[in-house]
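Notes for the one structure printed next.
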Amino acid sequence: MLNAVPVQKGDVLFIESGTIHAIGKDLLIAEIQQNSNVTYRVYDYGRIGRDGKKRDLHIEKALAVTSRVPIIRDSKSYPHVADCDYFTVDKLNLDGKFMKRMEGNVSEVSFASILILDGEGTIQSGGETLAYRKGESFFLPAGSGSYQVEGRCDALVTTIREKAAPVRIGIDISGMDTRIGLVDIHQKLLAETVMPTKTAGNACYDADEIIGKIGRKVLELLEQQGIAMDQCVGVGVGVPGTVDRKNGVVRYSNNIGWKQVELARMMAAYFPIPIQIANDADCAALGEAVAGAGRECRDVVMLTFGAGVGGGIILDGEIYEGKGAGGSELGHMVIVEDGEACTCGRKGCLEAYASVAALCRDGARAAGRDLAPEEIFAGAAAGDEKLQKVLETYVQRLGVGIVNIVNIFRPQLVLLGGGLSAQGELLLGPLRRMLREGCFGGEDGELPEIETASLGNKAGIIGAASLI
């Protein structure tokens, strides 16, 4: 049932994970391997342990993970005898005559382990000289600097090569689409893909189904980019709603109908690496703070305008959400007592006046017909007095909310994101004036800048990845 591989002195075999292997009789081998605390035993030659019993076999578990591809002996030794993510092995041959000395350097990246297969001579390192002979092993710690091997020998030199640059996985879940990206250590988005969050025709957002789709999509993206899971250092997920970051649970999300979903635990079925989750607006704010319009600032508040008003607070470079889950809901501060009904069940919230839905509601009331936000701005610019009044009230309400936020947090920067931020100075000019006039201390205080976000829908991906 197994593949017997004839060997002779000097052969090297690289045995991949998941390969059944056994060492035949009359062999002396140098075995170099990654640390592993899981071994499945499929046959034990009838041995009896110290307790007088045969050791356990793990046949079913072994079959479940076994690769059935036969080993192919590779006689090449250039540039390395063996090379993988866990170790690199090189062969050193000194004949004592023409090649009788080798000099090397042990950097901070890796130790060097030297195993003498045959011969004799000396090794110098750190001002010390030691003699070597067949069968002896020498360990040179990382950072120990230059060393010299002299004499006649066959030896194996084992090091750990510098790994490929780490990659983080960022996932941004919304009611419509889920965006997935791979982000490097410089906050650069290496690759991204988009998938619908809800299956067409499905009336609900089934958590098991959606998380399964996301897991498979991420694995597909990694395969397309040729990035191994070992290169990934973690997964960050942004999700709308009340998020318990500490326990990795979405407590409640009205956008996608989730309640008490153990998102981090369920994601772990696909990714054997650290997983962190956070509110999607917090992730967007973090993305802008580390890679977008706020990258020069440590304290940033971001408001996003869509069906609702999302808010994210970054203080000293970290997401601020209060002591427990559900904090920092900037869209649900009341700015008009007993005002317009809000989606949260209260009245007069910022979201009830500053969301895209609120602007469209007020535009429809003024015009007597449904209008898109762009039509409202265009009509006001063309001189429609009713729409001008709508925009004036809209900016006034938004400004009240922003002044409140600045008076509480006094950030370095306030960012506006979402579709309405494309209006630029039509919004920013009046809002800057309101900050000067309405913030405590006025211009004698330290007023923040107010700008539009720059990353668009990439902010949530990069911010989610930055949770890691």
Supply the atom-to-atom distance [X] [atom1] to [Y] [atom2], rounded to the nearest 0.5 angstrom.
X	Y	atom1	atom2	value
Cys153	Ile123	SG	CD1	7.5 Å
Trp258	Tyr205	CH2	OH	10.5 Å
Leu219	Ile180	CG	CD1	9.5 Å
Ile450	Leu303	CD1	CG	8.0 Å
Ser174	Asp280	OG	CG	8.0 Å
Ile169	Leu182	CD1	CG	6.5 Å

Counting distance only, does the side-chain N/O of [X] pair as donor-acceptor with the main-chain N or O of [Y] below 3.5 Å?
X	Y	result
Gln412	Arg298	yes
Arg168	Asp184	yes
Thr197	Thr178	yes
Asn279	Pro240	no
Arg410	Asn407	no
Tyr147	Met102	no
Thr304	Gly417	no
Arg245	Gln276	no
Gln231	Ala165	yes

In terms of heavy-atom contacts, does [atom1] of [X] have more than 12 from other residues, nucleotides or ligands at under 6.0 Å?
X	atom1	result
Arg133	CZ	no
Met195	CE	yes
Glu446	CD	no
Glu451	CD	yes
Gln148	CD	yes
Ile29	CD1	yes

Ignoring hydrogens, what is the shortest heavy-atom contact between [X] and [Y]? Give both atom names and the distance.
X	Y	result
Asp299	Leu315	OD1-CA, 3.3 Å
Cys360	Pro373	SG-CD, 3.6 Å
Cys232	Ile227	SG-CG2, 4.1 Å
Gly241	Glu329	O-OE2, 4.5 Å
Ala341	Ala352	O-CB, 3.7 Å
Ser137	Leu115	CB-CD1, 4.1 Å

What residues form a salt bridge (charged side-chain N to carboxylate O under 4.0 Å, His left out) with [X], not counting sequence neighbours?
X	answer
Arg55	Asp44
Glu120	none
Arg265	Glu262

request  = Assess whether side-chain contact (heavy atoms from CB on, under 4.5 Å) is satisfied between Val149 and Val157, documenting all intermediate values.
outcome  = CA-CA 11 Å; Val149 181; Val157 181; over 6 Å; no
Compare all side-chain heavy atoms of [X] with those of [Y] and state whether any distance is below 4.5 angstrom.
X	Y	value
Pro141	Val106	no
Phe305	Leu398	yes
Glu288	Ile314	no
Lys54	Arg47	no
Gln33	Ile15	no
Lys198	Ile256	no
Asn93	Met99	no
Tyr270	Arg216	yes

task = Applying side-chain contact (heavy atoms from CB on, under 4.5 Å) between Leu330 and each of Val309, Val301, Asn404, report the one that passes.
result =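 When Val309, Val301, Asn404 are each tested with Leu330, the side-chain contact (heavy atoms from CB on, under 4.5 Å) holds only for Val301.
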request  = Among Ile462, Ile461, Leu221, Asp172, find the residue that satisfies the side-chain contact (heavy atoms from CB on, under 4.5 Å) test when tested with Glu192.
outcome  =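 Exactly one candidate clears the test, Ile461.
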key: Aromatic ring pairing Phe14/Phe87, orientation class (parallel under 30°, perpendicular over 60°, tilted between)   =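 Phe14 vs Phe87 ring planes: tilted.
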query = So His58 and Tyr40, would you call those rings parallel, tilted or perpendicular, with 30° and 60° as cut-offs?
reply =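 Tilted: the ring planes of His58 and Tyr40 meet at 30° to 60°.
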task = Start with the C-alpha gap between Arg152 and Asp95, add the side-chain angles, then the distance that decides, and say whether side-chain contact (heavy atoms from CB on, under 4.5 Å) holds.
result = CA-CA 5 Å; Arg152 177 187 62 82; Asp95 61 12; 5.6 Å; no
ask   = Between Thr88 and Thr159, does any side-chain donor sit less than 3.5 Å from a side-chain acceptor?
value =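 Per modelled atom types, Thr88 and Thr159 side chains form no pair under 3.5 Å.
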Stepwise side-chain contact (heavy atoms from CB on, under 4.5 Å) test for Val239 and Val261 = CA-CA 11 Å; Val239 60; Val261 173; over 6 Å; no
message = Could you go through Ile319 and Leu467, starting from their C-alpha distance and side-chain angles, then the distance that decides it, and tell me whether this counts as side-chain contact (heavy atoms from CB on, under 4.5 Å)?
response = CA-CA 9 Å; Ile319 292 174; Leu467 297 173; 3.7 Å; yes
